[in-house]
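Have a look at the structure below, then the notes.
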Amino acid sequence: MKLYQLPGAFLVFCLLFANTGTAQDTWSLKRCVDYAMANNISIKQQDVQRRFAELTLKQSQLSQIPTLSGNVSGNYNAGRSVNPTTYTYETTGFFSSNASLSTSVTLFNWFSRRNTIASNTYQAHASRFLLEKAKNDVSFNIASAFLQILQNNEQVHVNETQLELTKAQLANTEKLVIAGSVPESNQADLEAQLARDSANLITAQNNVTLSILQMKALLNLDFDIPFKPEIPANIANIPLPRLSEVDPEMVYSASLATNPLVRADSLLIKAMERSVAAAKGAMLPTLSLSAGIGTNYSNNVTEQVITGFSTDTIGSVDVNGAHYAVTRPGINTTSRKIPFGNQISNNFQQQVGVSLSIPILNGWQLRTNYKRAKLDLYNQQLTRDQDNQQLRQDIYTAHANAVAAIQKFYAASKGVDASQKAFDFATKRFNLGLMNTIDYITTQNNLFQAQINKVSAQYDYIFRMKLLEFYRDQKITL
């Protein structure tokens with residue numbers, strides 16, 4: 001699959017974090033999305049729905065072809081029954097068989113069938129956009145999980161740095177306690193801080209494990225398969241659009257032309273309009289043409305066959321005193337069963353006919369179908385309006401979150417700088433014995449929390465801006 005063909009709202013991150021030379025023992029976001037496109041269960045389910053729609057379309061197209069059916073049957077009759085060949089009652093048992101071939105075609109039904117085909121065509125096209133939407137949703141969830149893994153890894157690094165710093169301070173404090181420069185309570189406070197830092201590190205590492213498990217579930221990946229995410233070298237170098245380039249109203253206008261759900265809703269409305277026309281046509285008369293051929297056979301049908309000629313004396317006459325015999329010619333016959341081939345040929349029949357079906361009263365079923373189709377159309381129009389409203393709300397919400405994320409990131413960056421300066425001064429004062437342990441640990445924790453806040457704000461900032469960028473044009477440029 002080519003990169004530009006990969007759908008998904010957050011396939012963008014595969015461009016941000018993927019490295020074409022990455023070894024297969026690590027998972028970039030591109031690799032995650034590629035794997036999910038082939039293995040995610042929800043995508044497979046939506047693909048099944050697409051194939052259902054295409055089968056329905058194909059069947060409706062083939063319904064235009066005349067029907068053709070053949071029938072062959074064999075029967076044994078006993079007792080008084082009608083012989084299907086001679087149409088006389090028989091009292092003896094006999095075997096009979098018949099064969100027929102029939103066809104029919106609809107000549108005119110007010111374009112009901114054509115409208116049905118058009119409706120199924122629109123629905124088949126809509127199912128493809130719904131499949132694309134499913135891929136977008138999965139890609140969004142994968143990107144969110146991937147981003148969470150990266151963020152949790154960053155927090156692990158911050159916790160590890162914090163733990164190493166506390167260990168170094170504890171080692172230095174132990175020396176000062178032995179030298180008698182600081183009280184033993186300072187050492188005890190740092191040992192307690194070391195325990196808290198260790199617990200925080202364990203929590204952060206567990207968060208990484210949980211986020212990886214979430215990713216495996218999205219990928220439909222066996223949980224015993226190792227998953228090592230590819231960590232970007234410097235996320236600060238990721239190019240992001242300016243806020244002026246992702247104005248919410250501009251993004252919404254662009255999204256109306258590219259969003260797969262919007263396009264699917266438009267096609268479904270067209271499908272419902274054709275369904276209404278098809279239901280209306282079904283209430284009108286239908287003109288059909290039918291034709292058929294058939295023949296039959298019975299094993300007890302006989303015929304008389306001439307075997308020869310004869311003369312019979314029936315009297316005499318006198319002519320001038322002479323006697324003459326009077327004879328009558330005769331025909332000798334015998335009875336035999338008519339051969340199978342002769343019966344098939346003799347009984348061969350053909351028929352052709354035209355019929356006009358006029359629906360008069362059928363419990364208002366056709367009219368109910370027509371009204372139901374109109375309600376389905378109206379409901380689909382409401383669904384389109386609701387989806388467009390939700391899309392607009394999501395875009396405006398994403399823009400507001402992006403503005404807040406930028407401000408939060410700038411504030412967090414300043415907070416880290418200020419906390420670092422405060423911690424550097426506190427370290428010098430603590431080493432000189434001019435600051436107690438509690439105040440020093442508080443300053444250290446403030447720096448730790450500021451670093452965590454900056455990491456979270458930075459990833460949130462990237463996430464929000466890339467979301468707006470995708471809403472705008474369904475792709476990300478580097």
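Residues take their numbers from the sequence shown, with the count starting at 1. In what follows, every heavy atom counts, from backbone to side chain, and hydrogens, waters and symmetry copies are set aside.
- His157 places a side-chain heavy atom less than 4.5 Å from the side chain of Glu160.
- Counting only N and O atoms by type, the side chains of Ser357 and Thr286 include no donor and acceptor under 3.5 Å apart.
- Residue Phe52 places its CZ atom among 12 or fewer non-hydrogen atoms of other residues, nucleotides or ligands, all under 6.0 Å distant.
- Under a 3.5 Å cut-off, the side chain of Thr397 and the backbone N or O of Gln393 do form a donor-acceptor pair.
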I would like to know whether Met283 and Ser112 meet side chain to side chain contact (heavy atoms under 4.5 Å, CB included); could you show each step before the answer?
CA-CA 9 Å; Met283 295 188 296; Ser112 178; over 6 Å; no
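- Heavy-atom contacts from other residues, nucleotides or ligands closer than 6.0 Å to CZ of Arg392 number more than 12.
- Remark: the backbone N or O of Thr67 is paired with a side-chain donor or acceptor of Thr103 at under 3.5 angstrom.
- A distance-only check finds no donor-acceptor pair linking the side chain of Asp222 to the backbone of Ile225 [under 3.5 Å].
- Between the side chains of Asp424 and Gln420, at least one donor-acceptor pair of N or O atoms lies under 3.5 Å.
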Determine whether Tyr440 and Gln169 satisfy the following criterion, side chain to side chain donor-acceptor pair (under 3.5 Å), listing intermediate values before the conclusion.
CA-CA 10 Å; Tyr440 177 72; Gln169 292 295 337; 2.8 Å; yes
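- Looking only at distances, a side-chain donor or acceptor of Ser60 sits under 3.5 Å from a matching main-chain atom of Leu57.
- Using a 4.5 Å cut-off on side-chain heavy atoms (C-beta onward), Leu68 and Leu101 make contact.
- Salt bridge present: Arg464 and Asp460 bring a charged side-chain N and a carboxylate O closer than 4.0 Å.
- Around the CD atom of Glu245, the shell of radius 6.0 Å holds more than 12 heavy atoms that belong to other residues, nucleotides or ligands.
- Counting heavy atoms from C-beta on, the side chains of Asn388 and Tyr252 come closer than 4.5 Å.
- Put simply, the side chain of Lys133 never gets that close to the backbone of Leu261: no donor and acceptor are under 3.5 Å apart.
- At most 12 non-hydrogen atoms from other residues, nucleotides or ligands lie less than 6.0 angstrom from CZ of Phe111.
- Residues Gln390 and Asp394 bring a donor and an acceptor atom of their side chains to less than 3.5 Å of each other.
- Between Ile452 and Asn159 there is a side-chain heavy-atom pair separated by less than 4.5 Å.
- Under a 4.0 Å N-O distance rule, the pair Glu469/Lys466 qualifies as a salt bridge.
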Let's go through Phe463 and Ser144 carefully: what are the C-alpha distance in whole Å and the side-chain angles of both, what is the deciding distance for side chain to side chain contact (heavy atoms under 4.5 Å, CB included) to 0.1 Å, and is it a yes or a no?
CA-CA 8 Å; Phe463 183 86; Ser144 300; 3.5 Å; yes
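- Considering only heavy atoms from C-beta on, Ile149 comes within 4.5 Å of Met215 through its side chain.
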Show, in sequence, the C-alpha distance, side-chain angles and deciding distance for Tyr461 and Tyr459, and conclude whether the side chain to side chain contact (heavy atoms under 4.5 Å, CB included) test is met.
CA-CA 5 Å; Tyr461 169 47; Tyr459 279 95; over 6 Å; no
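- With a 6.0 Å radius and a threshold of 12 heavy atoms from other residues, nucleotides or ligands, Arg367 has its CZ atom at or below the threshold.
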Candidate pair Asp197 and Gln193, rule side chain to side chain donor-acceptor pair (under 3.5 Å), full reasoning:
CA-CA 6 Å; Asp197 291 343; Gln193 181 63 31; 2.9 Å; yes
Before giving the answer on side chain to side chain contact (heavy atoms under 4.5 Å, CB included), spell out for Asp376 and Gln380 the whole-Å C-alpha distance, their side-chain angles and the decisive distance to 0.1 Å.
CA-CA 6 Å; Asp376 288 337; Gln380 187 58 47; over 6 Å; no
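- Electrostatic pairing of Lys58 and Glu54 does not count as a salt bridge here, judged by no charged N lying under 4.0 Å from a carboxylate O.
- Other residues, nucleotides and ligands place no more than 12 heavy atoms under 6.0 Å from the OH atom of Tyr378.
- Residues Glu132 and Phe129 meet the side-chain proximity criterion, which asks for heavy atoms closer than 4.5 Å.
- In this structure the side chain of Ile117 reaches within 4.5 angstrom of the side chain of Gln64, judged on heavy atoms.
- Under a cut-off of 6.0 angstrom, the local environment of NZ in Lys408 is sparse, with at most 12 non-hydrogen atoms contributed by other residues, nucleotides or ligands.
- A 6.0 Å sphere centred on CD of Glu184 holds no more than 12 heavy atoms belonging to other residues, nucleotides or ligands.
- Under 4.0 Å is where a charged nitrogen must lie from a carboxylate oxygen, and between Asp47 and Lys44 no such pair does.
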Please report the C-alpha distance between Gln187 and Glu191 in whole Å, then the side-chain angles of each, then the deciding distance to 0.1 Å, and finally whether the side chain to side chain donor-acceptor pair (under 3.5 Å) criterion is met.
CA-CA 6 Å; Gln187 179 179 343; Glu191 289 175 346; 3.2 Å; yes
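- Met465 places a side-chain heavy atom less than 4.5 Å from the side chain of Leu243.
- Asn40 places a side-chain N or O within 3.5 Å of a backbone atom of Leu218 that can act as its donor or acceptor partner.
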Before giving the answer on side chain to side chain donor-acceptor pair (under 3.5 Å), spell out for Gln444 and Thr166 the whole-Å C-alpha distance, their side-chain angles and the decisive distance to 0.1 Å.
CA-CA 9 Å; Gln444 180 177 327; Thr166 302; 2.7 Å; yes
